[in-house]
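Note that these values count all heavy atoms, side chains included, but never hydrogens, waters or copies made by symmetry. By convention in this document, chain letters (A, B, ...) are assigned in the order of the sequence lines, proteins followed by strands, and residues within each chain are numbered from 1.
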Amino acid sequence: MSDPIVVFDKITKSYDGINTVVHELDLSIERGEFVTLLGPSGSGKTTTLMMLAGFEEPSGGTITLDGRLLNHVPAHQRGIGVVFQNYALFPHMTVAGNLSFPLEMQGIGRSERDQRIKAALDMVKLGPLGERRPAELSGGQQQRVALARALVFQPKLVLMDEPLGALDKQLREHMQMEIKHIHEQLGVTVVYVTHDQSEALTMSDRVAVFNQGRIQQLASPSTLYEEPANAFVASFIGENNRLVGTVVARDDRYCQLRLEDGTQIEARLAGDLAIGSKAVLSLRPERVRVGPGEPDTNAFTARIEELIYFGDHTKLRLSLGGSSGFMARTDFKDGLRDLQRGASVPVSWSRDCGRALPFSEQE
Amino acid sequence: MMTRRNLLAAALIAPLLLLVLVSFIVPLGATLYRAVEDAEVPSILPQTTALLKQWDGKDLPSEQVYHTLIHELREAQEQQKAGPVLNRLNFEETGLRSLLLQGLRASQQFNGSTKQHLIALNPRWADPHVWDLIKRSTGPWTPLYFLRSVDLKLGPGGVVVPTADEEAVFIKLFIRTFEISVVVTLICAVLAYPIAYTLSILPQVWTNIGIMLVLIPFWTSILVRTTAWFIILQREGPINALLVSLKLVDQPVTMIFTRFAVYLAMVHVLLPFAILPLYSVMRGIKPDYMRAAASLGAPGWRRFLRIYLPLSMPGVAAGALMVFMLSVGFYITPALVGGSGDQMISYFIAFFTNTSVNWGIAAALAALLMGMTGILVAIAWLLVPGFRSGGVRV
């Protein structure tokens with residue numbers, strides 16, 4: 001599979017010539033792929049999307065779409081569908097008028113227009129609402145219209161800029177599935193921007209994690225989650241415990257870390273770490289077993305500082321290895337039900353679950 | 001509990017209602033009342049009025065009616081009250097004043113039949129139409145002022161006929177008033193649109209400066225700004241001095257007291273009223289709409305025509321409505337910089353109120369102006385898209 005539809009080559013963007021918002025970005029998107037640009041606000045993900053849509057011009061580098069250089073092609077000649085954060089539905093037109101607009105711009109005749117508007121409305125399950133004004137629709141319905149409008153003129157590429165940000169949690173999860181299904185059904189390439197990591201993980205084929213104008217990691221959701229390339233990705237994707245220590249021993253796959261209070265932890269190597277160098281242990285809270293069980297490589301006793309009840313699970317804030325912010329997650333399968341604040345519990349995890357990453361000063 | 005709340009609500013609204021009542025409903029009612037009231041003749045010539053009520057209107061009235069009219073008029077003249085009556089009758093038909101004054105002067109020497117003396121003095125006294133006119137002025141209501149406002153009058157037998165050409169000025173005046181107002185509104189809309197657009201897209205610092213440049217003249221008195229134009233445009237003014245010194249013209253150009261001067265000064269005075277609502281509407285048009293239109297394949301001019309123009313239309317409508325309403329009632333600017341052919345209806349309302357003291361016609365003109373403006377705005381409300389929301393986007 002190497003049939004890239006979009007290629008960013010050393011794209012740089014700066015608004016004032018001093019601070020770069022996007023820094024020498026390389027990104028190649030395959031045809032039919034669902035790629036999410038994920039990152040905190042100000043990380044450059046939206047600017048990247050705007051450059052692809054043609055609303056911003058890159059300061060350096062090239063963008064190609066289907067082999068065609070895009071840098072100086074105006075937005076209206078790119079043929080890229082865009083779903084905006086606040087939908088940007090034309091308030092003075094009906095729903096059908098909004099959908100008709102791109103078809104009229106392409107000079108498509110009336111009967112075909114009507115046919116395609118109907119098909120697009122049916123696709124987003126808004127069949128009978130064509131004559132309504134956007135203001136007469138609920139947020140979720142407006143979102144569907146925006147989606148239908150970006151797809152009705154059959155673009156090869158659709159960009160979505162936090163399209164679900166304004167919806168409540170339940171509707172958002174529902175729409176995530178629907179967008180995913182539409183993507184599978186139409187085979188259209190989607191570039192999706194969000195700051196919500198769970199949205200990125202559930203919807204995407206690949207996720208590009210942005211921070212400070214650079215892609216930190218571009219990988220499938222499972223790789224991102226299980227094997228974050230660096231400490232930023234590890235902490236941005238899902239919850240993560242970070243314990244800083246020094247490498248005291250290592251072999252090819254594992255190393256021993258000594259924390260400041262002397263606790264020794266065995267972990268998988270996720271980077272080249274020399275003995276004596278500083279390292280960060282990255283460990284997901286759900287990988288920690290709370291309570292007695294088969295002895296693992298890493299087994300300790302920790303004090304419960306706080307219990308946070310979630311219904312299907314409970315989170316524990318523990319004191320461990322000199323830190324009082326060590327998070328663990330239990331669903332009580334291990335039998336402990338009467339946990340008390342201030343009590344001590346046994347905790348353990350496999351050495352394969354903890355990943356030792358190089359320590360970087362900026363964190 | 002409910003009643004107390006209602007009382008409180010009523011008490012809170014009461015000052016507003018009172019204000020509307022005192023400042024709007026009462027003056028409006030008084031104006032309409034004056035436009036149809038006919039009180040001069042019945043109050044000053046009560047006996048003549050009573051006698052004429054019984055007159056059949058076909059043959060000449062009896063000697064008693066002639067005598068009472070002259071008698072009452074003379075009494076009124078001695079008490080210096082005859083003016084309004086004579087004005088009122090002369091407004092019914094020009095020439096009645098001199099006919100009556102001639103009769104009054106001669107009546108000092110009358111002995112015997114007043115009727116025969118008067119007919120001998122002027123044959124018009126033998127015309128029943130003269131008495132018809134006098135009877136028509138005996139109130140209490142008259143359609144005269146409204147009819148005259150649209151160049152009509154009651155002819156013999158109470159038939160509505162057009163007034164003589166030399167008296168038919170008001171329809172022309174209404175047409176001129178609306179013509180000037182429409183032209184000023186169009187010029188203001190065309191000039192305000194790019195200005196407001198520029199203000200809406202500039203960085204905030206420049207927008208603030210721009211808005212100040214719009215507001216400072218807006219806060220300056222209309223009289224001051226009009227006087228400034230008066231000075232600038234006059235024959236010996238700076239523009240003419242410049243043109244002559246540059247040898248672009250041999251003679252100073254006549255600019256003051258022309259329609260051009262009226263348009264120039266009115267547009268200058270009214271432009272902020274068009275810019276400000278437009279700016280506030282344009283400021284609210286999110287750039288995402290234009291981006292969306294671009295992503296959907298619309299080039300610049302189609303984005304403007306299909307998206308930006310319709311979205312900014314409520315601002316155009318609000319601004320145009322404001323400018324038009326104010327233009328229709330303009331008085332001081334045309335009076336100062338316009339010629340005699342550029343005066344608008346308000347000038348004549350002021351003239352009839354202050355100079356010729358004919359409040360009836362002034363009131364009728366004012367009421368008609370308001371009615372016509374209301375009808376025009378209603379038509380615009382129905383026809384112009386975006387007008388209904390009056391600048392508020394839904």
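- Of the two parts of A/F84, only the side chain, counted from C-beta on, holds a non-hydrogen atom closer than 4.5 Å to a non-hydrogen atom of chain B.
- Ranked by heavy-atom pairs under 4.5 Å with chain B, the list A/M50, A/Q85, A/M93 is led by A/M93.
- For a residue to count as touching a neighbouring chain, one of its non-hydrogen atoms must lie under 4.5 Å from one of that chain's; by this rule A/L103 does not touch chain B.
- Shown here are the side-chain hydrogen bond (donor to acceptor under 3.5 Å, both in side chains) partners of A/N19, two or more places apart in sequence or in another chain: A/D16.
- Interface with chain A: from residues 296-309 of chain B, residues B/L296, B/G297, B/A298, B/P299, B/R302, B/R303, B/R306, B/I307 qualify, criterion being any non-hydrogen pair under 4.5 Å.
- Scanning residues 150-163 of chain A against chain B with a 4.5 Å heavy-atom cutoff picks out A/F153, ordered by number.
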Query raised in the report: Yes or no on side-chain contact (heavy atoms from CB on, under 4.5 Å) for A/V82 and B/R291, after CA distance, side-chain angles and deciding distance?
Result: CA-CA 9 Å; A/V82 182; B/R291 287 179 163 184; over 6 Å; no
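- Of the atoms belonging to A/R133, not a single heavy atom falls under 4.5 Å from chain B.
- Residues of residues 110-128 of chain A placed with any heavy atom under 4.5 Å of a heavy atom in chain B are absent; none qualify.
- In this structure, the side chains of B/P310 and A/F90 stay at 4.5 Å or more apart for every pair of heavy atoms.
- Around the NE2 atom of A/H76, the shell of radius 6.0 Å holds more than 12 heavy atoms that belong to other residues, nucleotides or ligands.
- Between B/S295 and A/F55 the shortest side-chain heavy-atom distance falls below 4.5 Å.
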